[in-house]
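Working notes for the structure below.
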Amino acid sequence: MSAPPEPQVLRHPLVRLARVAVRHPVVVPVGAVVIAVLIGAVIIAAAGLDPLTAYAAVLSGAFDPDTLDYTVSVWAFICGMALVAAIPLRMGEFNLGGNGQLVLGGLAAAVVAGQSGLPPLLAVPVAILAAAVLAGAFGAISAPLATRFGIPIIISTLLLSPVAVAVVSYLLRFQIGEKGAAVAQTDRFPESARMWALGDLSYTNVGLIIVILLMVAYWLVDSRTAVGFELRVVGANRRFGAYGGVRVGRLALGAMAASGAVAGIVGAIITLSAPYRLTDGALLSPGYTFAGLAAALLAGGRPALIPVTAVLFTVLQVGGAAMERSADVPRQLSDVLQGVVIVVLALRTVVDNRRSGEKGAR
Amino acid sequence: ASAGGNAEAGGDATEASLILITPTAIGSNNFLQLASDGAEEAADKYNASLDVYESEDPASIQQNLDAAIREKPDVIIGVSFSVLDQFTEAAIDYPDQQFLLIDTSAEEPTENLTAAVFKEYEATYLTGVEAGLLTEKNNIGVVASLDTPFLHRWVDPFFAGAQSVNPDVTTGAQYVGGDNPFGDQARSKAQAQILADAGADYIQAAASGGNLGVFEAASENSVAAFGVDTNQCLDSPGNVVDNAIKRVDVALVESVGDILDGTTGGFASYGLAEGGVSLTGLEEGVADSQCLIADHPDVIEQVTAIRDQIIAGDIVVEDPLTAG
Amino acid sequence: MQILELSFVAAVLLAATPVLFASLAGALSAQVGVFNIALEGQMLWGAFSAVAASYYTGSAWAGVFTAIVSTAVFSLALAVGAARWKADPIVIAIGSNLFALGITGFLMRVLFDVSGSFSPRGLQGLEKMRWLEGIPVIGPIFAGQTPLVPLALVLIVAVGLWLKFSPRGLRLRGVGEHPEAASSLGINVSGYQFWVTIAAGALCGIAGAQLSLGNVTVFTENMTAGRGWIAVAAVMLVAGRPLWLPVACLGFGAAEALGFRLQGVGAPQQLTDAAPYAITLLVLVATRIRFPARRASISTESTP
Amino acid sequence: MTLTASSSPAVELSGISKRFGAVVANDGVDLVLRRGSVHAVMGENGAGKSTLMSILFGLVTPDSGQIRVDGSPVTFSSPLDAIAAGLGMVHQHFRLFESMTVAANVVFGAEPRRLGLVDRRAAEARVRELGERYGLEIDPRARVSQLSVGERQRVEILKALHRDATILILDEPTAVLTPGEVSSLFAVIRRAADSGTTVVLVTHKINEVLSVSDEVTVLRDGRVTGRFSTGDTSGAELVHAMTGRDVLEVSNQGDVTPGATVLRVRDAVVSEGGVERVGNISFDVRAGEIVGIAGVSGNGQHEVVEAILGTRSLARGSVELQGADVTGWSVRDRRAHGVAVIPEDRRGEGSAITMTIAENLTLGHHRTAPIGANRGIRRGWISLRAQRARSRELIEQFDIRTPSGQHTAGSLSGGNAQKVVIARELSYGAPLLVAEQPTQGVDVGAIEAIHGRLLDYRTAGGAVLLVSHEISELLALADRVLVMLSGEIVAELSRAEATSASIGAAMSGATAPTATATTNTTTPATGVRR
Ligand SMILES: Nc1ncnc2c1ncn2[C@@H]1O[C@H](COP(=O)(O)OP(=O)(O)OP(=O)(O)O)[C@@H](O)[C@H]1O
Ligand SMILES: Nc1ncnc2c1ncn2[C@@H]1O[C@H](COP(=O)(O)OP(=O)(O)OP(=O)(O)O)[C@@H](O)[C@H]1O
Ligand SMILES: [Mg+2]
Ligand SMILES: [Mg+2]
């Protein structure tokens with residue numbers, strides 16, 4: 001083998017600087033956030049506004065004790081959707097169809113919850129289960145599309161999502177919608193079919209527990225089980241996995257099904273929470289799917305990091321609105337910041353990969 | 001809560017406080033824009049402070065509502081049907097707080113829950129009449145943002161009005177839809193183009209921010225359009241016949257005034273009779289409204305007559321919402 | 001509903017043109033081995049900068065020019081990251097799409113103090129080719145279109161032929177197919193990748209300009225509304241054969257226009273919304289069944 | 001022994017040194033290439049041959065030393081400079097554009113133009129013209145994807161010739177060729193040399209050197225350990241110069257009597273894109289024996305291995321493992337049932353360079369004790385403690401040079417990376433072990449260790465299928481040797497019958513031993529690095 005010429009990236013000053021950076025996995029995301037915050041500050045200042053007040057507003061808006069309840073509930077949803085992205089990400093696949101899976105979950109939950117008669121103790125679990133099954137099955141479709149027809153999962157999920165969204169809003173409008181309502185939405189669910197409350201909190205409910213359990217489960221599976229190991233192996237080198245006896249096709253199927261199921265569960269939780277009905281578009285407008293994807297990317301799919309990165313995007317989301325209210329900084333800035341974080345992160349991770357890759361050359 | 005002093009304008013210190021909560025980002029949604037404009041006018045008139053809370057989804061509506069209640073303003077104003085659930089409950093839980101619903105009303109409202117609803121359908125009926133009288137191809141259409149029951153208030157009555165004066169007029173409705181139904185001019189324009197290709201020569205635009213797309217299509221075809229809410233003839237002179245205007249400002253100012261004066265509860269409905277809705281063509285200053293209708297005094301005459309019949313109750317325009 | 005009428009063809013072409021430019025950008029990137037899904041965001045930025053420039057200068061063409069240049073600059077992050085630093089283009093793209101969505105809305109608020117959509121009175125759009133009126137077939141199809149519409153078609157054919165027959169085209173394709181081989185023959189691989197990514201940005205700029213100054217004359221928040229993703233799908237569809245892009249994109253345009261028209265015969269809007277996506281997916285599956293050889297012709301493999 | 005100058009030097013390398021981190025790849029190397037001569041460069045793996053050639057071709061910049069072309073000093077900062085100076089290189093791995101035509105590949109980067117476009121007719125004409133001049137006939141319009149390995153190499157050579165290379169560097173060109181292709185390649189080389197081209201031939205194969213070269217330079221550990229004129233040297237002398245000693249010690253004493261049949265392959269056919277890669281072969285491997293598969297790579301051996309592991313499905317025929325017909329089984333089930341495989345491509349298939357060494361050592365053990373469990377409540381779970389313990393143990397046992405098992409596999413040197421793969425696969429204790437080029441790219445010490453382990457494996461009652469290009473390796477280890485040629489088994493030789501002569505003959509499809517093969521019965525086991 002001939003020696004490859006030294007890649008010019010190694011000579012890049014930024015890189016030299018970055019090579020000094022600590023090795024701990026958390027360092028990369030943190031650095032990305034810091035840089036992003038600085039860039040954001042520049043943008044705010046350029047817009048003739050005061051970065052400090054803006055950021056202060058974001059933080060106070062997000063952590064204001066009065067609204068903490070709400071903030072936590074949003075955090076739970078973003079964590080949930082981060083799992084949706086993270087599971088396939090672990091094996092090197094992108095699920096961009098979270099929206100479709102989310103609304104299908106909402107639909108299933110709404111249909112089950114709508115059928116009152118189910119005893120209180122059963123209604124919620126059954127609704128959530130139904131959501132998981134329907135959304136999971138839908139998510140799973142992308143796996144055979146990839147293994148049989150070679151359509152990348154990133155593409156098929158992307159194309160399938162709007163179809164699901166359209167079908168759900170059609171059903172809401174013409175089939176299961178409330179009569180005489182001005183917008184397409186279901187009737188309110190009976191008391192028996194509403195998400196169990198946590199104390200007297202009005203936003204956060206048992207859904208939070210469920211999401212936390214899901215995250216713990218993912219963390220265990222990822223680090224402690226054969227399946228999790230196989231996910232990471234395939235993510236690192238598909239051929240190696242196949243040679244080692246991993247059934248890549250099945251693994252992809254399982255991962256996509258799990259991913260979709262989680263999305264479905266999140267959809268169910270949101271739907272079964274106040275105001276206890278499924279309203280057309282209400283599941284998508286907060287943009288949990290992309291916030292979750294961003295959090296997952298920022299965490300590199302690592303289970304332990306997701307709750308942390310999710311906090312960031314929760315703050316940006318909840319605080320963004322507050323920032324607009326009190327500091328008159330347009331809320332779009334939170335999208336800007338999220339975007340910058342991800343891009344900066346992508347560039348930073350390269351540096352790390354480079355470091356190991358360069359050792360790999362010899 | 002302070003019942004708010006009498007409403008004299010002037011004076012630096014604000015004498016009252018208002019909070020407006022919208023169900024979604026105002027963005028390019030004309031209707032919400034109109035509401036916040038109205039709230040501003042009310043604020044000016046009663047020398048009140050105004051905060052606008054834009055929501056994203058039911059949960060954030062609730063969150064904004066809670067935040068608003070903590071602020072203890074004189075009036076919390078909620079816009080559209082989407083906030084009904086949350087407001088109805090809040091009104092029960094906080095009897096001392098005054099709430100005002102715009103464009104929707106509760107079945108059994110409490111005393112502190114006032115509502116102002118509009119009979120947009122009466123105005124749209126009249127634009128329909130104009131279309132029916134003006135159309136040469138006997139073919140008219142509507143471009144609306146979404147196929148939702150509420151938005152049918154700009155569809156069905158338009159056709160009804162047209163058919164009332166021109167029984168053999170054919171009609172077609174197109175809905176923008178897509179990822180951005182209230183703002184995707186490209187799609188709304190394409191929808192209007194389809195109606196034009198199908199032979200329509202008068203099109204009611206009910207696509208919110210998308211109306212501009214409809215007007216563009218009108219300008220590029222031998223088609224004229226109708227606007228909504230405000231005088232949109234100004235947005236595209238020469239292409240807009242008339243507008244089904246909606247005086248959210250008037251309604252808001254009046255209702256807020258009533259509440260501040262202590263007359264609360266029940267609901268006021270603003271139709272042609274109350275002057276809550278109307279047509280640009282039926283108002284003063286048609287001449288320089290830039291609206292095409294100005295060139296058709298005869299039509300204006302007939303429409304005026306029908307308007308009076310509606311006010312008199314001789315003609316009853318059906319509300320698509322209650323019609324189911 | 002009338003499918004065969006020229007007006008329908010015109011509608012299809014209009015709907016397809018922005019996607020055409022964007023998909024050409026994507027196809028070029030694919031040719032040099034960069035999986036470019038930043039099209040949506042770059043297009044959105046192009047649309048915004050076009051309107052902004054047209055507003056300030058009062059000239060639509062200045063808008064187009066600005067869109068081209070500024071979007072090329074916008075694509076620097078992807079170019080540097082993917083080409084020079086071998087970063088994961090997918091992650092960068094997802095980030096820059098989000099960024100574009102945010103920054104356009106943000107600037108609309110701080111620069112023009114409007115939210116939702118910006119269409120000041122007198123905003124100059126691209127003028128249509130009215131002078132074509134009267135010419136039989138050509139007239140009805142192109143008279144109502146901006147010059148960018150035929151340009152899209154010409155450009156794709158030109159690029160396709162250039163790729164196939166010109167030395168640089170040959171090298172460009174080589175870079176994507178086997179980077180080591182190309183560099184061992186003295187080709188600057190990352191150089192090609194870099195400049196192609198920049199060029200792709202410029203093309204997305206045109207795509208955006210056509211959308212905001214051609215299809216309509218206004219900028220609206222998130223006005224690309226998924227068109228960039230359809231372009232990505234189109235790139236997948238043609239699997240490295242740019243000359244087929246018009247077929248794919250017009251097919252999409254037809255699906256959308258058809259969906260609209262189906263409303264005319266009572267199809268619910270909620271479902272017609274889904275038509276283009278469903279059809280695109282079905283066609284993808286069909287082509288894969290038909291030409292299994294093309295499988296995974298673009299690798300999205302990536303290890304975060 | 002020095003040479004009397006016959007013709008003026010085309011290239012002179014003097015005092016070339018290059019180090020990679022701790023490794024000294026080249027250490028004060030002097031090399032003189034005379035115009036119109038064929039100059040062989042020999043040496044074991046890692047001796048520094050490729051590095052030296054890369055330096056000569058401008059791919060690597062030397063730490064010190066000087067290069068002269070036609071007497072005038074030059075510095076190559078990139079291959080472009082080298083090409084401009086009249087050098088051309090054929091790499092160990094081909095670098096061709098599969099989707100393109102031969103003509104396109106040849107002219108790529110230096111296209112004949114007409115009206116600014118690629119002049120395809122001119123390009124094709126050029127290919128034909130060069131083909132006739134050097135005896136490299138090939139259809140310019142053929143797609144590379146449809147060419148055989150030998151034809152592809154012709155394209156590589158044509159690429160160099162198209163750029164008017166007067167100095168041609170061939171780095172291990174014969175590793176992947178069939179004997180027939182080898183001889184025609186040598187014919188081309190001779191022809192080129194006679195017409196004034198200077199050829200540098202990097203190789204491990206004594207017989208090739210003796211048959212085609214004029215002069216030989218031998219490297220060891222980056223230093224020149226001998227210069228010879230081919231006329232007055234012998235295989236033994238060259239071997240000694242290369243290894244500094246005589247042939248390796250470990251070898252099969254044939255002292256184990258085979259037991260039950262572990263692997264039974266019957267009428268196996270593997271086809272790819274309609275082409276039959278493996279044509280209807282049958283063979284057995286029994287417990288306690290090492291069966292060798294000889295053959296130039298690309299003759300179907302790899303496909304056979306894939307078919308046994310299950311990463312490739314048979315078109316026809318069957319594979320039996322320990323009496324069970326596993327033809328339709330998944331890789332996972334086959335491994336569980338008792339097969340381990342040391343793959344040819346350790347980086348691409350045998351490991352995940354971004355994962356830790358411990359994790360690399362775990363794959364395949366992750367569902368069985370002690371790391372995993374396939375039944376009971378721990379089923380499907382992994383014990384990280386057991387994982388760490390095991391990796392420590394294997395790193396120790398197989399003397400893998402690394403600070404700890406928590407470092408990435410990518411940080412290992414080639415030889416140590418190979419040890420990780422071998423450690424993992426041997427530690428299954430599977431009844432059947434398939435070893436494909438187990439010693440490729442590893443140094444002599446490791447080669448001996450690995451050979452020792454394979455013999456122990458067999459002595460412990462394991463069945464071993466050893467696939468190798470290296471006749472000597474097979475002679476040293478195998479109880480029986482099967483020879484594969486273009487997808488079929490053309491000979492089965494017992495230990496007694498197996499000589500490098502007989503194997504070589506069978507490999508090349510000839511019936512009688514060839515002259516060159518007999519001259520060196522003692523080629524050291526230097527695996528071909530690919
Ligand atoms: N890019 C590199 N980085 C680090 N070490 C390298 C690199 N390239 C080569 N080496 C080391 O330099 C030494 C010489 O390598 P080289 O490839 O020249 O050997 P070789 O004689 O070509 O071996 P082979 O016969 O296997 O081709 C080896 O120890 C190798 O590990
Ligand atoms: N004589 C030639 N000189 C240089 N390049 C050539 C020559 N002939 C073909 N090529 C290149 O080889 C490749 C295959 O050539 P060909 O003309 O067959 O393309 P093609 O098969 O039409 O491609 P596709 O079928 O994918 O459209 C192309 O990249 C072409 O540019
Ligand atoms: Mg070598
Ligand atoms: Mg062809």
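Since this is a predicted model, take the numbers as computed values, not measurements. Naming: A, B, ... by sequence-line order, numbering from 1 per chain.
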Taken to the nearest 0.5 Å, the spacing of D147(B) CG from Q263(C) CD works out to 8.0 Å

Do Q269(C) and Q174(B) have side chains that get closer than 4.5 Å, going by heavy atoms? no

Under a 3.5 Å distance rule, please check whether R121(C) uses its side chain to pair with a backbone N or O of S236(B) as donor and acceptor. no

Please flag which part of T217(C) lies under 4.5 Å from any non-hydrogen atom of chain B: side chain, backbone, both or neither. both

Checking side-chain contact (heavy atoms from CB on, under 4.5 Å) between R187(B) and each of V216(C), D273(C), N215(C), which is the one that passes? D273(C)

Assess whether atom OH of Y55(C) is packed by more than 12 heavy atoms of other residues, nucleotides or ligands within 6.0 Å. no

Can you measure from CG (D184(B)) to CD (E221(C)) and round to the nearest 0.5 angstrom? 13.0 Å

L212(B) and S119(C): which non-hydrogen atoms are nearest, and at how many Å? CD1-OG, 3.0 Å

Looking at I26(B), D235(B), V176(B), which makes the most heavy-atom pairs under 4.5 Å with chain C? D235(B)

Rounded to the nearest 0.5 Å, how far apart are CD1 of I194(B) and CZ of F8(C)? 8.5 Å

Please look at L234(B) and chain C and tell me whether the side chain, the backbone, both or neither of the residue comes under 4.5 angstrom of a heavy atom of that chain. both

